[in-house]
Amino acid sequence: MSAALQFLGLLLAAAGAFFFVAGSAGLIRFPDQLSRLHALTKADNLGLGLVALGLLPFAAGVFAALKLLVIWALVLLSGASAAQMVAERVRAAEPPA
Amino acid sequence: MILDWLLDGMVALLILAAALWTLAAPTPFAAVIGFVGFGLLASLAWVRLAAVDVALTEAAVGAGATGVILLQSAVRLRRGAAEVAAATPGRATTLLAGLLAGGLGLGLALAVLALPATVPGPAAEAAARSAEVGLGNLVAAVLMAYRGLDTLLESIVLVFAVLAVWAMGPDRHWGGIPGPRFARQRDGPLALLARWLPPVGIVIGIHIAWVGADAPGGKFQGGTVLAAMWVLAWGAGLVRPPSVADRRVRLVLVAGPLGFLLAGLLGAVLDGSFLAWPAALGKPLLLLVEAAMTLSVAAALALLVVGPPERRA
């Protein structure tokens with residue numbers, strides 16, 4: 001059971017790593033600031049979420065597992081807020097045509 | 001084994017790349033962002049070296065707090081472009097400084113590589129006797145007991161740093177309110193973050209300071225998180241900095257060093273040597289000093305970010 005869960009965890013973490021790679025590629029390649037921001041937040045939210053989920057079967061106990069989830073939630077909150085703030089400044093600097 | 005080498009090599013390369021980017025960055029703002037990235041990568045390296053306490057400090061103080069202070073400076077310096085240009089060293093000076101820093105780094109690296117595998121010193125004995133201090137975290141035991149004087153002086157340096165920043169303000173604002181004033185955010189992402197994050201962050205900050213006795217963490221790391229929460233609320237216009245003449249501010253600022261000094265003197269009276277941590281009072285006294293230090297570190301870092309007094313109280 002735990003071996004199966006850990007295998008699932010590895011798959012989830014690998015999927016998370018894929019989102020990070022895709023997000024990084026988008027961050028480098030996308031043409032404008034808002035699109036780059038979009039790519040970045042996907043890596044932050046989904047990528048880190050999948051990695052955190054994938055690490056759950058390896059956590060040392062219930063509290064360690066909860067800590068992982070809290071870290072994800074905190075990054076979600078701060079990452080999303082920061083992205084919105086950057087987007088606000090971009091919008092203020094160059095209003096949409 | 002090969003994976004370890006690969007991981008460590010990648011971290012080392014990334015650190016070098018971040019350092020080069022920071023030096024070559026086109027604007028001060030970009031350089032500060034590079035510096036923060038460099039600090040976070042360096043904390044990864046500390047984790048790889050199994051020095052989690054140092055990693056936490058590097059991430060919190062080195063990258064986080066220093067990054068915010070440098071960011072503030074970069075924004076302030078935009079007003080004085082001519083003065084900055086006049087004070088910027090020429091190519092020759094930059095090159096010389098680079099060579100000096102590079103040579104020093106190389107020398108340090110060679111010295112570290114030349115160290116014997118087992119370093120003679122009191123480390124083993126200190127580790128064996130750390131339980132007597134009542135601290136499970138060896139780093140905390142060394143910082144508070146064996147190198148107590150260093151830690152005391154570090155905490156005093158923070159007070160001097162705040163005084164130096166306050167002294168940067170013009171005379172007419174002395175005793176006034178420090179830092180720029182931010183408009184109160186009624187809605188939007190900053191208002192949301194400044195309302196949601198501090199309750200969680202305050203608990204986490206106190207937790208990090210508290211577990212420092214037995215696990216990686218401590219007053220500097222926890223105090224930085226507390227300071228960050230206050231700075232966030234300040235940036236969103238939810239709290240205003242008190243005047244630099246406010247006695248409560250000054251008391252919080254010196255509570256840690258003062259408590260540390262008093263505890264040290266108590267050791268001198270009871271146990272015959274300064275900072276001896278009298279065995280009867282050891283742990284409770286230590287916790288009291290640590291708690292006061294956490295508050296003082298938080299206040300000092302927050303005040304360093306806020307800057308000198310800018311208007312009358």
Side-chain angles (χ1 to χ4, degrees), chain A residues 6 10 13-14 16-17 20-21 23-25 27-28 33-34 36-45 47-49 51-52 54-55 58-93 95-96, chain B residues 3 6-7 10 14 17-18 21 29-30 33 36-37 40-41 43-44 47 52 56 59-60 63-64 67-68 71 75 182-183 185-208 210-211 214-217 225 228-229 231-233 235-238:
Chain A
Q6 291 190 345
L10 283 180
F20 271 110
V21 172
S24 307
L27 186 64
I28 297 166
Q33 284 169 314
L34 290 179
R36 284 199 292 269
L37 211 53
H38 168 77
L40 185 68
T41 45
K42 291 307 143 301
D44 261 12
N45 300 349
L48 184 73
V51 170
L55 289 178
F58 298 91
V62 179
F63 278 109
L66 275 177
K67 237 186 231 176
L68 281 173
L69 292 178
V70 169
I71 289 171
W72 179 27
L74 284 174
V75 173
L76 270 181
L77 177 65
S78 56
S81 309
Q84 291 284 335
M85 279 183 246
V86 174
E88 266 182 5
R89 292 300 291 265
V90 172
R91 271 289 164 83
Chain B
L3 267 179
L6 208 63
L7 194 58
M10 260 169 25
L14 278 173
W21 154 254
F29 185 84
I33 301 300
V36 172
L40 292 176
L41 288 166
S43 67
L44 261 186
V47 171
V52 183
L56 276 174
V68 172
L71 216 50
V75 172
F182 291 105
Q185 302 282 319
R186 301 237 167 255
D187 44 28
L190 184 56
L192 181 83
L193 195 66
R195 276 198 294 266
W196 275 64
L197 202 56
V200 185
I202 289 170
V203 173
I204 292 178
I206 294 174
H207 170 75
I208 292 178
W210 174 257
V211 300
D214 293 309
V225 176
M229 293 306 114
V231 166
L232 180 60
L238 300 179

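A, B, ... follow the sequence lines: proteins, then strands. Residue 1 opens every chain. Computation of the quantities below employed the complete heavy-atom set of this structure, encompassing side-chain atoms and omitting hydrogens, waters and symmetry-equivalent molecules. In this text, all values refer to a predicted model and were calculated from it rather than measured experimentally.
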Within residues 65-76 of chain A, contacts to chain B at heavy-atom distances under 4.5 Å involve L74(A)
Which residues share a side chain to side chain contact (heavy atoms under 4.5 Å, CB included) with P216(B), sequence neighbours left out: V52(B), D53(B), L56(B)
Considering all heavy atoms, the nearest E88(A)-G188(B) contact: OE2-CA, 4.5 Å
Measure the spacing between CG of L190(B) and OG of S81(A) and express it to the nearest 0.5 Å. 8.5 Å
I'd like to know whether CZ of F20(A) has more than 12 heavy-atom contacts from other residues, nucleotides or ligands below 6.0 angstrom.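 Result for CZ/F20(A): enclosed.
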Q84(A) and L192(B), any side-chain heavy atoms less than 4.5 Å apart: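 No, their side chains stay 4.5 Å or more apart.
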